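Since the model is a prediction, treat every value here as computed from it, not as a measurement. These values consider heavy atoms only, across backbone and side chains, with no hydrogens, waters or symmetry-generated copies. When a ligand or atom number is given, it counts from 1 through the structure's own listing order.
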Amino acid sequence: MSPQPQAAVGAAVPRVDARLRVTGQAKYAADNNPDGVVHAVIVDSGVGRGRITGIDTRAAEAEKGVLKVISHLNAPELPPVEGQFPPGKPLQPFQDDRIRFFGQPVAVVVATTLEIAQHAASLVKVCYDAQRPATDLAAADPAGEPETYARGDADEALDSAAVRLDMTYRTARNHHNAMEAAGLVARWDGDKLTLWEKSQATQYTAFGMSGALGMPPDDIHVISPFIGGAFGNAFSTWPHSVIAAVAAREVQRPVKLALTRKQLYFGVGYRPAYEYELSLGSNRRGCLTASAHDVRAETSRYETHIEDVLVPGRMLYSTPNVRQAYRHVPLDVNTPTWMRGPGYASGAFPVESAMDELAHELGLDPIELRLRNEPADDESTNLPFSTRRLRECYRVGAREFGWQRRRPKPRSRREGDWLIGMGMAAGVYDTARSESRTSVRLDADGTALLQAATADMGAGTATSMTQLAADALGLPMRRVTFRLGDSRLPPAAGHFGSQTMASVGSSVQDGCDKLRRQAIELAVGDEESPLHGVDPAGIVVQGGRLHVKDDPARGETYRRLLARNNRTHLEAMGSYAGAPESAKFSFYAYAATFTEVAVDARLGLVRVRRMVGVYDAGRIISPALADSQALGAMTGGIGQALLEHTVTDHRDGRIVNANLADYLVPTHADIPELKAIYIDGEDYEADPIGVKGLGEIVLVGVAPAIANAVFNATGRRIRELPIKPEALL
Ligand code: MOS
C-alpha cells in the first residue's frame with residue numbers, strides 16, 4: 001500500500017479531551033457515585049513496628065451511619081499473593097496483628113457518609129506493643145544475595161589506573177505527589193467486581209486484584225478513563241484497593257475509598273533512597289578503563305523492589321572492566337515503587353556526576369570526555385544499538401545552549417551575590433514495548449472508533465493515538481474517537497515505562513492499515529466505484545476520500561463506498577507483538593541535558609536559570625504533547641535535584657513532611673525557560689512506527705546536569721540529592 005499523507009502526525013494539535021478536563025466533565029475515579037455508594041476511611045498505624053494488642057471499635061460502631069469496622073479481628077482471610085520480585089510479597093491487609101511500617105492500615109470504617117466515616121475512624125482505639133523500627137538506609141545492613149554484573153576485572157584495572165576517583169553519592173526518598181489522590185469505588189454484582197479506580201493499566205489492576213482477592217481476572221472490570229497524574233504509582237495493587245473491595249463485599253454496598261494526602265505517603269510507594277559508591281579509573285587521555293558500582297537500596301521487609309539503577313553505569317560509556325552490585329536493605333517501611341524515570345534517574349546522578357568530576361580532574365571538557373568514551377556497541381550485551389544519536393544530542397545541545405560560553409574553571413562567573421555556572425549530563429532510558437491490540441471500526445457515516453485497554457495518566461494518550469489513526473485512516477482528527485481506560489477493551493500496554501506510544505501506537509497503525517486496505521480492496525473490486533480495477537498500491541485516503549495517489553480527481557468517499565455496498569461498517573483488529581524475546585539490538589532512548597544555574601553565595605540558594613534538553617527518542621508523533629511531557633519531566637527533575645525529599649523521623653518511622661506544604665515541589669517561580677529539542681530519526685528496529693518513548697528519558701540526567709552546574713558555579717561538589725542550601729554554605 002502507498003504510504004499515507006501525514007497531516008495530524010507531527011502537528012501541534014490540542015488535546016482531544018481538553019474541554020472535558022478543563023470544564024470538570026472528566027470523571028475521575030472518586031467522582032463516581034453508583035447507587036447506594038457508602039464511604040470508607042482507613043485507620044492507620046501510629047507506630048512503625050510491633051504488634052496490635054487491642055482494637056476498641058465500640059465507640060465507632062455506636063455512631064449512627066456506621067455500617068462496619070473491619071480489622072484483623074474480623075477481616076476475611078485473603079489468599080497469599082506472589083511478589084513481582086521474590087523473595088517477599090505484597091502486603092495483604094488485615095491478615096494479622098503485625099505492624100510493618102508507620103501508617104500501615106489497621107482498620108477501615110465504612111459509613112453512609114464520608115464525614116461519619118472520618119469521625120468514626122477517629123474514635124477507633126488501637127493499642128500496640130511497639131518496637132523501634134529501622135527506617136534509616138544509612139544505618140541498616142543489606143540482606144540476601146546482591147544482584148551483580150561484571151565484565152573484565154574492575155578491581156585490578158582500578159588499582160592500575162592512571163587516574164582513579166572514588167565517590168559516594170546519595171539520593172533521597174521521593175514521593176510522587178500526583179494531584180489526584182489514589183482512590184477507587186468498588187461495587188460487587190454477585191461474584192463480579194467493578195472498580196472505578198485510578199489505574200495506569202486497567203488490565204494489570206484487574207490481574208493484581210484477582211490475585212489479592214482470589215478470583216478470576218475476567219470477573220473484575222476496571223474503569224479508569226481519566227487520571228490526574230500518577231508518575232508510576234498507579235499500576236501496582238496497593239492495600240487500600242483490596243480494602244475497598246473487601247469492605248464492599250462485607251457491607252453489600254458499593255464503597256468509595258480515597259486516601260488522604262498524608263496516607264499517600266504510606267499507601268502507594270515512592271522512589272527509594274539510594275547509596276551509590278562509584279569508582280572510576282581512566283588513563284590520562286580520559287578513556288575509562290574501569291568502574292565499580294556498589295549500590296544500596298531501601299526496600300520493605302515484606303517485599304522486594306528492584307529498579308534498573310545500574311544500567312546507565314554499565315552501557316552508557318565504553319569501559320572494558322566493570323563490576324556492579326545492588327544490595328537490598330530491608331527496612332520497616334512500605335514498599336517502594338516506580339517513579340518518574342525509575343532506576344535510571346537514580347543511577348544517572350552518580351554516573352553523570354562522576355563523569356563531570358573526571359572531566360574536571362583531567363582538565364577536559366565534559367562533552368569531550370563523553371565523546372572519548374562513546375561505545376561502538378552496547379558493551380553490556382554485545383548488541384549493536386538500534387539507534388544511538390547521543391553525539392548529535394551533545395552537538396545540538398551545545399549549540400542551542402551556548403556551551404562554548406561556559407568557563408571551565410569553577411567559580412569564575414559572578415553577578416553580584418550570584419555565582420553562575422553551567423553543567424550538562426547524558427541520560428538513557430530503556431525502550432520498552434509490550435504486546436498490544438487495538439480495535440478499529442469505521443462507520444458508514446465516515447467516523448471511526450478505536451478502542452484499547454491502555455490508559456492516560458495525563459500525558460495525552462488519546463490525542464496522540466487519534467493523530468496516528470487519523471492519518472492512517474485518512475480522516476480528519478475530529479472524525480476519530482479513541483477510547484481507553486477500561487479493562488474490557490482489547491488488551492494493550494498500560495501507561496508506564498515510556499512504552500505506550502511504541503506499543504499501543506503500533507497496534508493502532510496496524511489496525512488502521514488493515515482497515516484502510518479493506519476499504520481499498522472493496523473499492524477496486526466494485527464495478528461501480530471510480531476506483532474499480534485500480535492497483536491498490538496506488539491508492540491513498542485523504543479527508544475520508546479514497547483516491548488515486550497521482551490522480552486525486554479519481555476517487556470516492558468512505559461513506560459512498562460503504563453505502564453503495566450496504567455496509568454499516570468496516571472493522572479490523574490491530575495488533576503488535578511487543579519486543580521480541582531475544583533482541584538483535586540494544587534499544588534505548590538518549591538525552592543530553594544542559595543547564596545554567598545561579599547560586600546565592602551567601603544563602604546557598606540554587607536557582608535554575610535555563611535548561612535545554614535534547615532527546616534521541618525516535619519519531620515524535622505529537623510535538624505539542626511531547627513538549628508537555630518534556631517540560632513536565634524537566635520540572636520533575638528540578639524537583640529531584642533541588643527540592644524533593646521525604647523526611648522520616650527514625651524514632652518511630654513517621655514521615656514528618658507528609659503533605660504538600662512541607663514536601664517541596666517546584667512551583668512556577670522555580671521554573672525558568674525550558675527548551676526541549678528532538679533529534680530527527682525514527683527507530684524502525686524498535687517498532688513499526690519508529691518510536692522510542694519520551695516520558696521517562698527526560699528525567700534522566702536533569703539532576704546531575706544541575707549538580708554539575710552547581711559545581712561549575714561554586715567549586716562545591718554536592719554528591720547528595722536534593723542539593724539543599726545548607727550543603728552550599
Ligand atoms: Mo512510569 S514511573 O513507569 O509511570
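Scanning for side chain to side chain donor-acceptor pair (under 3.5 Å) contacts around K724 gives H645, with sequence neighbours left out. Residues meeting the side chain to side chain donor-acceptor pair (under 3.5 Å) test with T667, sequence neighbours left out: D670. Partners of Y615 by side chain to side chain donor-acceptor pair (under 3.5 Å), not counting sequence neighbours: none found.
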Tabulate distances under 3.5 Å between N/O atoms of ligand 1 and N/O atoms of the protein, writing both atom names on each line.
residue, atom, partner, partner atom, Å
ligand 1, 3 (O), G497, N, 2.7
ligand 1, 3 (O), E696, OE2, 2.9
ligand 1, 4 (O), Q200, NE2, 2.8
ligand 1, 4 (O), G232, N, 2.9

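No close placement of the F349 and Y274 rings is indicated, their centers lying 6.0 Å or farther apart.
Contact annotation: the side chain of L699 never approaches that of V702 to less than 4.5 Å [non-hydrogen atoms, C-beta and beyond].
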From CA spacing to verdict: side chain to side chain donor-acceptor pair (under 3.5 Å), H305, T335:
CA-CA 7 Å; H305 173 73; T335 312; over 6 Å; no

